[in-house]
Each structure stands twice: as C-alpha cells, then as structure tokens.
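Chain letters run A, B, ... following the sequence lines, proteins first, then strands; residues in each count from 1.
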There are 2 protein chains.
Amino acid sequence: MQPKPVETTSDSVRVGILDAAEARFRIYGLNKTTMAEIAHDMDMSASNLYRYFKNKQDIAAACACRCIDTQTDLLRGVVRTPGLSAAEKLERCALEMLRYTWETAHDQPRINELVNHVILEHRDMVHHKVQESCSLLAEVLAQGNESGEFEVADVVKTAETVHAALKMFHVPIFMSLYAHEVLMLRARDVVALLISGLRGRDHEPSQ
Amino acid sequence: MQPKPVETTSDSVRVGILDAAEARFRIYGLNKTTMAEIAHDMDMSASNLYRYFKNKQDIAAACACRCIDTQTDLLRGVVRTPGLSAAEKLERCALEMLRYTWETAHDQPRINELVNHVILEHRDMVHHKVQESCSLLAEVLAQGNESGEFEVADVVKTAETVHAALKMFHVPIFMSLYAHEVLMLRARDVVALLISGLRGRDHEPSQ
DNA sequence: ATACTGAATATTTTATTGAATATTCACTGC
DNA sequence: GCAGTGAATATTCAATAAAATATTCAGTAT
C-alpha cells in the first residue's frame, strides 16, 4: 500500500537519464554529447534510451524544462517567505531573478545555450514560465493590497505589467551587455519606481 | 565662398555608396551583397570603394549607424513636439519606439539582421544610442518637473531607470514573441505605471 | 596629388564526401 | 507484455577542395 508509486520504475529511469544527460550537457554542451555516452552512463544501450524519450531533442527539452522550473521555484521561495512586506518581496524577486539569470549566463553557458535552443521550438515553454512568474507576482500584489502598501485594481494584469518592466533583468542577452553591479543597481531603481507607482491612487490599466 | 562644403565631393560619394549598399542589403542581406555589385551600382570598380571605406564591414557599420540614428530622430521628434504634456510625450516615446521596432523587425528583417550583426563588434554603438535615448527621456522628465506633473530628484538617473523598464519594447527579439496588439497594450500599461511612480513623492534612486 | 582601374593575392563561402552519430527495427530473455 | 540489445539505416557533422568574393597593389589618366 505505497502512496501513488504509479510508474516508479520507468519514471526513476527517466529521471536518471535526465540527470546523466544534464551532467554531460553542462560540461560538453548539447551537440558534443552523444546518445551513446548518455546510455553508457546509464549502463544501457543507446537504442534503449528511445524507450524513455522520443529522441535527443526531447531529452534536451526535458532538461530545459527542469532548469526553467528551478527559476520558478526560486521565485516561489521568495514570495512564500513569511515576514516580508510586499515591497520587500517585489525587490527580492527582481534581484534574485537577476542574480540567477546572471550566474547561469556566466557559470553555465552550455546549459544556457541549451535552454535558448530548446525555447526556439517550444515557445509555449516561455509563455508557461512567464505565466507562472506573473501568478507569483500577482500573489505579492494581492498581499500588498491587503496590507495597504499598494492600491492595485487588477492584480493579474498589473503583475504582467510589472513583469514586462523587469524583463531586462530576466533575459540572458542583457547579462553580457552590462556589468553585474550596474544591473543590480538598475534593477533596484526600477523596482523602487514601480513600487512608487503601485502606491499611487490613479493608476488604471488600459481597457 | 560656399558655407562649409569641406569635403563635398568625397562625402556625397560616401553617401551614394551607403545608399546603394543599403538598398541591396535591404533586399539581399549583407552576405548576399558583393562589393562588385555595390560598385557597379555606383559605376565604379570594386577596388575604388576602398578609397571611401576601409572595408565591407565598415560599409555595413555605417549603414547600421544610419538606421540607429533614424530611431533616435524619431524619439527626438516626439520629445520636441510642442504642446504635449510630459506624460503624453513619455507614452508617445514608448509607443513610437515600439511601432518602429516592430515594423523594422517584420518589414525589414535583412536590415535588422545587419544591425544585430554590426552591434556585436560595436558594443559602443548600442551604448551611444541608449545614452542618446536617455538624454531625450531626461528632457521629458525635466519638462515634467517644471510643469509639476512629475517630482523627479535625479532626471538623468531616472531616465535610465525608465529606459530600462521599457527595454522590452525596444528590442527586436521580443517582437516575434508577442502579437503587436499585446505589446502595444503592455507598453501603455508600463508607461502608465511608471508615470504614476514619477508623480510619487518618495521615490529615491539608490546611491 | 586625386580619382580611378584591372590584375594579383588573400580570405570567405560553398559543395562534396567520408565519418560520426541518431534513430529504427527485428530480435532475445524475462 | 516489458526491458533490453546489436545490427541496419538515416541523418548530421567535419574535413577538404573548388569557387566566389574581398582586399591590395602597381599602374594610368587628369
């Protein structure tokens, strides 16, 4: 009477394959990692990998998905931290996200390249990630409304607005264009200006 | 006693070459345009082009520079329009820039690709363009301060902050990720939120 | 000296092909 | 049926040579 083992065996193999693949992708990148190598790490034949994944692209996509989830988890961690004001959470969200994006872009260029590549054929993954981020931001805005810090009419729409204004700090391309310090200061400033706006009485989302 | 003709001849040839090159770049792109073709359009030999430009990359760079200047001119047009409030100018700046970026990305993909390529080896061009944009935004903020619409302590720094928050709408990559309408609405919302913040009394730039 | 050219040379792009890798499939042991 | 394999086939990569193009240069005309 185990609790929901469902497909324990098959699933754990899948996870194992992803772990092995990710480890190699990190070091050698997607193109320089062969199915044979991943299979060898798992003590199986290359052909057997196809029992768990449709093809190599699918393994890459699943890896990218896990990376993106890590980002969302990070945000969730901040948003669900007890004892922080909404304004503090908003700032931490922006700065944590920036830190993570920066570090990934610099310390794990291979994985970053992998994610960028996968995203090209899975636009929906980006939209899903953005939506999750916005949901979390909406939570913060709602908290701000309750505590009286903010006065936001439409938390969902405004979350999207805030997310758009912070886009620059989420996107790897900009990481190589500016120094880390500059980005941190800039992010702080943008958040401060946004918070100032969220307090305002007269902000009306269009339509 | 002409007024400053300086290098009239040589300069007009340079402009002619750039016009010819740009026309071909627009249609065929940088790589599929040869020096021989540009030279033929100008009724000269390919080797003679080198009297006016160091090499092909330089012609491309000069073309990219002209495109970027067009953008800045657009912004300047909005900022120097008489009879608009600072808030109206800010919104028009954002929307005009978005419209231009969108149209360029969609109608002139070759030129866009050219600019992106050139930017890689001339980072300074980006920074210069950003600085010019920020100067113009700073003008608007200063106007807002004078008219009482805004209360901005450091117009230069805040201009950079506003520019960062609007980054998403200036950068071609995002143009293919969202529908034009969505971007327009989102830009409007971001500007509205920023304006609301610029009115606030308590916004302090960090450091 | 300035504006220019055609021929010579250097560099880049393109095409080709053999090798490496991805993917499929018929088959084995449980 | 499920988990797995090795051999066969399809696709992609990488090295190379050939062709196209960029760049230089010696020289002409004004």
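In this structure, CG of B/Leu30 is placed 13 Å from P of C/dT12, rounded to the nearest angstrom. In this structure, the CE atom of B/Met44 is 9 Å from the C1' atom of C/dC4, given to the nearest Å. One atom, CZ of A/Arg51, and another, C1' of D/dA3, lie 5 Å apart when rounded to the nearest Å. Remark: P of C/dT28 and CG of A/Asn48 are 17 Å apart, rounded to the nearest angstrom. For B/Ile59 and D/dT21, the CD1 to P distance is 16 Å, given to the nearest whole Å. In this structure, OH of A/Tyr28 is placed 19 Å from C1' of D/dC13, rounded to the nearest angstrom. In this entry the distance linking OH of B/Tyr50 with C1' of C/dT9 reads 13 Å, nearest Å. With rounding to whole Å, A/Met35 atom CE is found 7 Å from C/dA22 atom P.
At a threshold of 4.0 angstrom between heavy atoms, the contacts of A/Ser45 include nucleobase atoms, whether or not backbone atoms are also involved.
A/Asp189 and A/Arg186 are not joined by a salt bridge, as no carboxylate oxygen comes within less than 4.0 angstrom of a charged side-chain nitrogen. Salt bridge annotation for A/Arg99-A/Glu103: present, with a cationic side-chain nitrogen under 4.0 angstrom from a carboxylate oxygen.
Contact annotation: A/Tyr52 reaches the phosphate of D/dG4 (side-chain N/O to OP1 or OP2, under 4.0 Å). For B/Lys32 and D/dA20, the shortest distance from a side-chain N or O to OP1 or OP2 is not below 4.0 Å.
Side-chain atoms of B/Lys56 come within 3.5 Å of backbone N or O of B/Thr33 as a donor-acceptor pair.
Between B/His163 and B/His170, the ring planes lie perpendicular to each other; the angle is over 60°, past the 30° to 60° tilted range.
Nearest to the side chain of A/Asn55, among C/dT23, D/dT5, D/dT23, sits C/dT23. Of the candidates D/dG6, C/dG6, D/dT23, the closest approach to any side-chain atom of A/Ser47 belongs to D/dG6.
Each of A/Lys54 and A/Glu37 was assigned the nucleotide of DNA chain C with the nearest heavy atom; the assignment lying further toward the 5' end belongs to A/Glu37.
Taking the ring axis of B/Phe53 as reference, the NZ or CZ atom of B/Arg14 stays within 45° of it and closer than 6.0 Å to the ring centre.
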